[in-house]
Novice: 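One structure is given below, represented as structure tokens, and several questions about it will come after.
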Amino acid sequence: MKRLLVGCLLTPAVVIGAIPTGLICLKDAYPWAIASVGENNITFHDGTTMTYDEPNTPTEWKLLINHADLAAQMSQHYPLGWNYHSKLTPNYDPGRLRYQPFFEKLYGKNEAEVRRDLVSIDWMPKSGGGKLLVTKRGGVAQKFQAISDELDRLPPSYRVYLLPPGGTFIWRPIAGTKRLSMHSFGIAIDINVPKSHYWRDENPNEDAPLTYRNTIPRQIVEIFEKHGFIWGGKWYHYDTMHFEYRPELLDPRCANKP
């Protein structure tokens, strides 16, 4: 089994029995799409398969960020709890390594296919948040609505971080790349942009040293994580406005425990 980049270190993939733990977390996170997993593959309910650990996947970060396979996607463990700052070493970005064909399989391979399953939700209606488009596949829309309900119950002082929202669905590449944004699949939201921090505003060079910045309160992050969303504020390449639905990374078997 090849070694995978984790932060700036190469470590072997964890295995339970003959099946990598990452595969087990993926299956349990997306039972509506994944029928079964084997030693190195996923079988979807429609009978199609997908390889987990591709033999020629690069390990150098510059290449891996653009050519990750599923094993690389699961190789960095998302830190649970609020003591995550010690993890913020160069290229420690749990969730930024993504195998795009996997998300295309889950939510749609093009804009038209994704749009067919988008629904409008009332975002924080008690606070005037407006309508947002998100996917209904896999119950994601219900997750968004549950988050909205909890955020609406927070004290009014939190609204400045949440409203107006920066947006959900938009079919587009990630800034400065050819990789599709998770917003393209209707599974991500940016909260109030002026109250957030983004690494590219400091230095757009992927290899540049960064100084971490964040003002988003813990209570907001914990509500999103409770419903299966990871936060870009736990990345070395920080994006504190950004949340995306990635329940596989929050499974305690595939996350760093507090």
Side-chain angles (χ1 to χ4, degrees), residues 5 22 26 29-30 32-34 42 44 46 48-52 54 56-58 60-76 78 91 93-121 132-141 143-144 165-191 193 196 198-201 204-206 224 228-250:
L5 188 70
L26 285 166
Y30 304 101
W32 56 275
I34 298 174
I42 286 173
F44 295 94
D46 64 4
T48 59
T49 62
M50 185 174 287
T51 301
Y52 180 69
E54 295 283 359
N56 297 318
T57 302
E60 183 184 358
W61 180 263
K62 286 183 181 180
L63 299 175
L64 186 62
I65 190 67
N66 290 305
H67 302 285
D69 61 4
L70 275 174
Q73 179 175 305
M74 298 301 297
S75 67
Q76 293 191 330
Y78 184 83
N91 300 331
D93 299 333
R96 276 188 83 221
L97 292 172
R98 308 177 182 100
Y99 183 51
Q100 187 170 306
F102 177 73
F103 298 100
E104 292 174 348
K105 182 68 179 177
L106 292 183
Y107 303 111
K109 64 181 180 296
N110 54 48
E111 182 176 0
E113 191 171 310
V114 173
R115 280 188 178 277
R116 283 198 293 269
D117 285 308
L118 294 180
V119 295
S120 178
I121 65 166
L132 295 177
L133 282 178
V134 299
T135 186
K136 66 180 181 181
R137 289 197 186 186
V140 175
K143 300 287 187 181
F144 268 108
T168 50
F169 170 75
I170 179 171
W171 186 270
R172 64 168 176 82
I174 298 169
T177 80
K178 295 180 180 179
R179 306 189 309 273
L180 275 180
S181 164
M182 291 296 100
H183 291 276
S184 302
F185 302 109
I187 63 169
I189 184 171
D190 289 341
I191 56 176
V193 176
S196 304
Y198 182 41
W199 69 275
R200 281 186 171 274
D201 294 334
N205 181 356
E206 181 91 21
F224 274 96
F229 286 70
I230 64 169
W231 175 48
K234 291 184 177 180
W235 299 339
Y236 177 77
H237 292 91
Y238 55 88
D239 186 358
T240 70
M241 73 189 82
H242 181 81
F243 295 86
E244 63 184 73
Y245 185 65
R246 300 290 299 283
E248 72 276 17
L249 296 178
L250 290 162

Novice: Determine the minimum heavy-atom distance between L97 and S75, stating which atoms define it.
Specialist: CD1-OG, 4.0 Å
Novice: Check the orientation of F103 and Y107. Use parallel for under 30°, tilted for 30 to 60°, and perpendicular for over 60°.
Specialist: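 F103 and Y107: parallel rings.
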Novice: Quick one: pull up CZ in F224 and CZ in F243 and give me the separation to the nearest 0.5 Å.
Specialist: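 Going from the CZ atom of F224 to the CZ atom of F243 covers 5.0 Å.
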Novice: Roughly how far, to the nearest 0.5 Å, is the CD1 atom of I191 from the CH2 atom of W231?
Specialist: 8.5 Å
Novice: Looking only at heavy atoms, what is the nearest atom pair of R246 and Y30, with distance?
Specialist: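 Looking at all heavy atoms of both residues, the shortest contact is CA-OH, 4.0 Å.
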Novice: How many angstroms lie between atom CD1 of I42 and atom CG of L70, to the nearest 0.5 angstrom?
Specialist: 5.0 Å
Novice: Taking the six-membered ring for Trp, are F144 and F229 parallel (under 30°), tilted (30 to 60°) or perpendicular (over 60°)?
Specialist: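 The rings of F144 and F229 stand perpendicular, inter-plane angle above 60°.
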Novice: What's the separation between atom OG in S181 and atom CZ in R98, rounded to the nearest 0.5 Å?
Specialist: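 Going from the OG atom of S181 to the CZ atom of R98 covers 7.0 Å.
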Novice: Measuring from atom OG1 of T57 to atom CG of L64, what distance do you get when rounded to the nearest 0.5 angstrom?
Specialist: 7.5 Å
Novice: Kindly say whether E54 contributes a backbone atom to a donor-acceptor pair with the side chain of D69 at under 3.5 angstrom?
Specialist: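 Present.
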Novice: Which heavy-atom pair separates F44 from L106 by the least distance, and what is that distance?
Specialist: CE2-CD2, 4.5 Å
Novice: Can you sort out the partners of D117 under side-chain hydrogen bond (donor to acceptor under 3.5 Å, both in side chains), two or more places apart, ordered by chain and number?
Specialist: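 By the side-chain hydrogen bond (donor to acceptor under 3.5 Å, both in side chains) rule, D117 matches R137.
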Novice: Can K62 and E60 be counted as an ion pair, charged N to O under 4.0 angstrom?
Specialist: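 E60 and K62: not salt-bridged.
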Novice: Please report the closest heavy-atom contact between N91 and Q76, naming both atoms and the distance.
Specialist: O-NE2, 2.8 Å
Novice: About how many Å separate CD of Q100 and NZ of K105, when rounded to the nearest 0.5 Å?
Specialist: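 It is 15.0 Å, given to the nearest 0.5 Å.
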Novice: Let's go through R96 and D239 carefully: what are the C-alpha distance in whole Å and the side-chain angles of both, what is the deciding distance for side chain to side chain contact (heavy atoms under 4.5 Å, CB included) to 0.1 Å, and is it a yes or a no?
Specialist: CA-CA 10 Å; R96 276 188 83 221; D239 186 358; over 6 Å; no
Novice: Compare all side-chain heavy atoms of V140 with those of F185 and state whether any distance is below 4.5 angstrom.
Specialist: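 No, every pair of side-chain atoms sits at 4.5 Å or beyond.
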Novice: Using a 4.5 Å cut-off on heavy atoms from C-beta on, say whether the side chain of M50 contacts that of Y99.
Specialist: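 Y99 reaches M50 side chain to side chain.
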Novice: List the atom of G22, the atom of M74, and the distance in Å for their closest heavy-atom pair.
Specialist: O-CE, 3.8 Å
Novice: State, with a plain yes or no, whether a side-chain heavy atom of Y198 is found less than 4.5 Å away from one of V193.
Specialist: no
Novice: Cation-pi check, K143 to Y245: give yes when NZ or CZ is under 6.0 Å from the six-membered ring centre and within 45° of the ring axis, no otherwise.
Specialist: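 K143 over Y245 ring: no.
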Novice: Do the side chain of D93 and the main chain of Y236 share a donor and acceptor less than 3.5 angstrom apart?
Specialist: yes
Novice: Check for a donor-acceptor pair, side chain of E248 on one end and backbone N or O of A29 on the other, with a separation under 3.5 Å.
Specialist: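 No, because the side chain of E248 does not come within donor-acceptor range (under 3.5 Å) of the backbone of A29.
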Novice: Restricting to non-hydrogen atoms, name the atom on I230 and the atom on P94 that form the minimum distance, rounded to 0.1 Å.
Specialist: CD1-O, 3.8 Å
Novice: Is the ring pair H242/W235 parallel, tilted or perpendicular, if the boundaries are 30 and 60 degrees?
Specialist: tilted
Novice: Tell me which donor-acceptor pairs under 3.5 Å the side chains of residues 168-176 have, and how far apart each pair is, sequence neighbours excluded?
Specialist:
residue : atom : partner : partner atom : Å
T168    : OG1  : L133    : N            : 3.4
T168    : OG1  : L133    : O            : 2.7

